[in-house]
Amino acid sequence: MPTENYTLRLDGERRRQLQEIADEQDRDIAYVIRKAIDEYISRCKKSPGRHEAGGMPQKQAGTRPAKID
């Protein structure tokens, strides 16, 4: 599947934790992030509309809508 570049802003602690996981698995950080996103999408599809159960959160005031192509 072709990929596209995406910019993600993380605080230092999250970045450090992701890098630690990547190092432990001998993978790059992009792989770990993709796998985390895949798992999140899978959970959302199983429980749509239920943020507590891993579903999509409700839109918060003042946030930008997601751009989906």
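Atom set for the values below is all heavy atoms of this structure, side chains included, hydrogens, waters and symmetry mates excluded. Each residue takes its place number in the sequence, starting with 1.
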Restricting to salt bridge (Lys or Arg N to Asp or Glu O under 4.0 Å), what partner residues turn up for Arg27, sequence neighbours left out?
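Salt bridge (Lys or Arg N to Asp or Glu O under 4.0 Å) list for Arg27, sorted by chain: empty.
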
Let me check something: do Val32 and Ile41 share a hydrophobic cluster, defined by ILVMFWY side-chain heavy atoms less than 4.5 Å apart, either directly or through other members?
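Val32 and Ile41: one cluster.
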
Would Leu8 end up clustered with Ile37 when hydrophobic side chains under 4.5 Å apart are linked, directly or stepwise?
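Linked within one cluster.
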
Ion pair present between Glu39 and Lys35, side-chain N to carboxylate O less than 4.0 angstrom?
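A salt bridge is absent here (no side-chain N lies under 4.0 Å from a carboxylate O).
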
Kindly give the heavy-atom pair with the smallest separation between Arg15 and Ile29, and that separation in Å.
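Taking Arg15 first and Ile29 second, the nearest heavy atoms are NH1-CD1, 3.3 Å.
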
Crowding at CZ, Arg16 (>12 non-hydrogen neighbours, <6.0 Å):
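Yes, enclosed.
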
Verify the neighbour count for atom CG of Asp26: are there more than 12 heavy atoms of other residues, nucleotides or ligands below 6.0 Å?
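No, CG of Asp26 has 12 or fewer neighbouring heavy atoms, counting only those of other groups under 6.0 Å.
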
Could you state the interatomic distance from CG (Asp28) to CG (Leu18), rounded to the nearest 0.5 Å?
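It is 11.5 Å, given to the nearest 0.5 Å.
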
Could you tell me the separation between the CD atom of Gln19 and the CD atom of Glu24, rounded to the nearest 0.5 Å?
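Going from the CD atom of Gln19 to the CD atom of Glu24 covers 10.5 Å.
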
